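Following: one structure in structure tokens, then a few remarks.
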Amino acid sequence: MWFWLWPWFRSGLARHSLRRASVLDAGRMAAIHAEGFAIGWSREEFEQMILDRAIADVLVSQAPFGHVVTGFAISRVAADEAELLSIALDPEVRGLSLSSALLDRHMGHAAQAGARTMFLEVAENNGPALALYRQAGFVEVGRRKGYYSGSPGSARHDAFTMQADLGRFDPTPRFG
């Protein structure tokens, strides 16, 4: 979709920043989610999560003609636990080492919201995601057999349940 931006991103001329998401970002978040997952969430679902005070962060990339939301992370917090619901990057910016900065910042925001631990589920065959999560300090704490469906006619995949301690992040709430 953003193929015309590829030379710009790869050249190193693009600038990337992270900020909190707003409901105005929900449509773009849904588009990115649909490109990365078999069953994409709708704009309305993202709007509702943001309005329900989910922790939502977006990656914004400076393109030749303005800013473009090119990634996101979204979690919900209950008591002192956070659950990473989804994290995704636009295919145009994958491979530029942006996901670790997005996840790190997002984990910090979850800690500021009162979470001391973050959980997630990931398909056992999602090598890039597993590498990202392990680098961020997540460890496997469980397995759900056959949780994810494969392509039509193929076997289902297990999900790893992973957990990370958020103690390394400053829990002082920040605004802005």
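Computation of the quantities below employed the complete heavy-atom set of this structure, encompassing side-chain atoms and omitting hydrogens, waters and symmetry-equivalent molecules. Bear in mind that the values here come from a model prediction, so they are computed numbers and not experimental data.
- Under a hydrophobic clustering in which Ile, Leu, Val, Met, Phe, Trp and Tyr are joined whenever their side-chain heavy atoms come within less than 4.5 Å, directly or via other members, Leu51 and Val58 fall into the same cluster.
- One finds no salt bridge joining Asp25 and Arg43 here, because no Lys/Arg side-chain nitrogen approaches an Asp/Glu carboxylate oxygen to under 4.0 Å.
- Between His106 and Asp57 the shortest heavy-atom distance is ND1-OD2, 2.6 Å.
- Residues Phe169 and Gly108 come closest through the heavy atom pair CD2-CA, 3.4 Å.
- Smallest separation of non-hydrogen atoms from Thr172 and Gln112: O-CG, 3.2 Å.
- Side chains of Met49 and Leu85 form a contact here, defined as non-hydrogen atoms less than 4.5 Å apart.
- For Ala82, the side chain to side chain contact (heavy atoms under 4.5 Å, CB included) partners are Val77, Ala110, Ala115, Met118, not counting sequence neighbours.
- For Glu121 and Arg144, the salt-bridge test passes: some basic side-chain N is under 4.0 Å from an acidic carboxylate O.
- Shortest non-hydrogen contact noted between Ser99 and Leu132 is OG-CD1, 3.7 Å.
- Ser22 and Ile50 get closest at one heavy-atom pair: O-CD1, 3.5 Å.
- Both Leu103 and Leu18 are part of a single hydrophobic cluster, where members link through side-chain heavy atoms under 4.5 Å apart.
- Side-chain contact between Leu130 and Met162 is present, with heavy atoms from C-beta onward closer than 4.5 Å.
- At least one donor-acceptor pair under 3.5 Å links the side chain of Asp158 to the backbone N or O of Gly146.
- In this structure, Glu124 CD and Arg143 CZ are separated by 5.5 Å, a value rounded to the nearest 0.5 Å.
- The line from OG of Ser75 to CD1 of Ile87 is 8.5 Å long, rounded to the nearest 0.5 Å.
- Counted by atom type alone, Ser61 and His67 present zero donor-acceptor pairs between their side chains at under 3.5 Å.
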Decide side-chain contact (heavy atoms from CB on, under 4.5 Å) for Glu140 and Arg134; before the verdict, give the C-alpha distance in whole Å, the side-chain angles of both, and the deciding distance to 0.1 Å. CA-CA 9 Å; Glu140 296 164 27; Arg134 288 177 179 138; 2.3 Å; yes
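- Across Val122 and Tyr148, no two heavy atoms sit closer than the pair C-CE1, 3.7 Å.
- Separation of atoms CD (Glu35) and CG (Asp90) is listed at 5.0 Å; rounding is to 0.5 Å.
- Connection of Leu102 to Phe119 is not established within any shared hydrophobic cluster, with ILVMFWY side chains joined at heavy-atom distances below 4.5 Å, either directly or through further cluster members.
- Note that CD1 of Ile39 is 9.5 Å distant from NE2 of His33, once rounded to the nearest 0.5 Å.
- Arg19 places a side-chain heavy atom less than 4.5 Å from the side chain of Val69.
- Once rounded to the nearest 0.5 Å, the distance linking CZ of Phe72 with CD1 of Ile32 reads 6.5 Å.
- Taking OH of Tyr147 as the reference point, atom NE2 of His157 lies at 14.5 Å (rounded to 0.5 Å).
- Ring geometry for Phe46 against Trp41 counts as tilted: the plane angle lies between 30° and 60°, on a 0 to 90° scale.
- Taking hydrophobic clusters as Ile, Leu, Val, Met, Phe, Trp and Tyr residues chained together by side-chain heavy-atom distances below 4.5 Å, Met107 does not share a cluster with Ile55.
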Evaluate the side-chain contact (heavy atoms from CB on, under 4.5 Å) criterion for residues Val60 and His16: first the C-alpha distance (whole Å), next the side-chain angles of each, then the deciding distance (0.1 Å), finally the verdict. CA-CA 6 Å; Val60 179; His16 309 281; over 6 Å; no
